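Bear in mind that the values here come from a model prediction, so they are computed numbers and not experimental data. Per chain, numbering begins at 1; letters A, B, ... match sequence-line order.
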There are 2 protein chains.
Amino acid sequence: MKIVNETVNIDGIDKEILRSLMNDARRPILEIARKIGISGAAIHQRLRKLEESGLISGSRFIINPRILGYTTMAFIGIYLDKAIRNPEAVKQLKEIPEVLECHYTTGNWSILIKILCKDNEHLMELLNHKIQSIEGISRTETFISLHQQIERQIQL
Amino acid sequence: MKIVNETVNIDGIDKEILRSLMNDARRPILEIARKIGISGAAIHQRLRKLEESGLISGSRFIINPRILGYTTMAFIGIYLDKAIRNPEAVKQLKEIPEVLECHYTTGNWSILIKILCKDNEHLMELLNHKIQSIEGISRTETFISLHQQIERQIQL
DNA sequence: ATTGAAATGGAGCGGTT
DNA sequence: AACCGCTCCATTTCAAT
């Protein structure tokens, strides 16, 4: 396993390019070029370097789950009966598509997950029939997000 | 305020298009067209409709904060001395760029935030000098994410 | 709702400063 | 590093089905 721990220096122009594309991945390179006053080829070259450095890890269309009827987001703290069971439990959690994030955390729980459901009933069903039936999971604590007030990436 | 609560029906072709662009927002439309066997113009039109429906809420370059030296992610549960102070507290939290998410939650806390810091020292500094000095915040509980094992959007 | 064709403009490369 | 000029290809629109 290669450890990539190196940090990288980016200048103001890199930041402008990245900020632009972090807000709209399909913005044309040439449009950015005109705005910041350098050539398209220069941006092209900078993007190549930023990709090589690992700073850019891809691009995504963002979809709004509300429109598909997913309106209930929750965080669930999970207690494992033995911490060593973590890898198996995570493997099972991966099989539940509603689980969007899974963190191995310090503190009370072994695992903290973020989950997105259609409604409270759906959440309850997942808790009772999928999550709590995973071997090794002894107990859970659920926190429903009534409203997400901030959602962003790191700022440059 | 317009309430957009309507759900939308998408067919298998929409799903293929979206799945493709959710993994790589800059994949050429024509490449997708060739793969699934319809014309570029058809995809173009479908994307227009999906945007109008609100299902697509944009596209983003994803940057890897590790490369900038941000290696410590944590969740912080926040107790407010009066729940009514939520709007002010959130306003202040927005001013802290390291705060990536902020949720108004049921359960013990009023607020749950996700925060990304360079290291533990940076986290401690933010807790002591920024977060806990926000008026209305009485107490916090911090959970460090030692490892994020799942990170994804909803599946189509 | 999809198609093909046409116009416009962007992507990406090589040579140059 | 950046620029220019070039070729190739994608995007987008439109009339037609």
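Rounded to an integer number of Å, the gap from B/I36 CD1 to C/dA1 C1' is 14 Å. Between B/I32 atom CD1 and D/dC9 atom C1' there is a gap of 15 Å when expressed in whole angstrom units. D/dT11 atom C1' lies 14 Å from atom CG of A/D24, rounded to whole Å. In this structure, the CD1 atom of A/I38 is 13 Å from the P atom of C/dA11, given to the nearest Å. Atom pair B/I43:CD1 and C/dT3:C1' shows a separation of 13 Å (rounding to whole Å applied). As a whole-Å value, the separation of B/I17 CD1 from C/dA1 C1' is 12 Å. Rounded to a whole Å, the CD atom of B/Q45 is 17 Å from the C1' atom of D/dA10. Computed from coordinates, the B/R48 CZ to C/dA1 P distance equals 13 Å when rounded to whole Å.
Classification of A/E98 and A/K130 as a salt-bridged pair fails, no side-chain N sitting under 4.0 Å from a carboxylate O.
Looking at heavy-atom distances under 4.0 Å, B/A42 makes contact with a base.
Aromatic ring orientation, A/F143 versus B/W109: parallel (interplanar angle below 30°, classes split at 30° and 60°).
In this structure the side chain of B/I131 reaches within 4.5 angstrom of the side chain of B/I113, judged on heavy atoms. Considering only heavy atoms from C-beta on, A/T72 stays 4.5 Å or farther from A/L116 through its side chain. Annotation: side chain of B/Y70 is in contact with side chain of B/H122 (closest heavy-atom distance under 4.5 Å).
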Distance-only donor-acceptor hits, side chain of residues 85-95 of chain B, under 3.5 Å, sequence neighbours excluded:
{"unit_1": "B/R85", "atom_1": "NE", "unit_2": "B/D81", "atom_2": "OD1", "d": "2.9"}
{"unit_1": "B/N86", "atom_1": "OD1", "unit_2": "A/Q149", "atom_2": "NE2", "d": "3.0"}

Close N/O contacts between protein and nucleotides 4-10 of chain C (under 3.5 Å):
{"unit_1": "C/dG10", "atom_1": "OP1", "unit_2": "A/R34", "atom_2": "NH2", "d": "3.4"}

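For C/dA11, the OP1/OP2 oxygens have no side-chain nitrogen or oxygen of A/H44 closer than 4.0 Å. OP1 or OP2 of C/dT2 has at least one side-chain nitrogen or oxygen of B/R46 nearer than 4.0 Å.
Looking only at distances, no side-chain donor or acceptor of B/R60 sits under 3.5 Å from a matching main-chain atom of A/I62.
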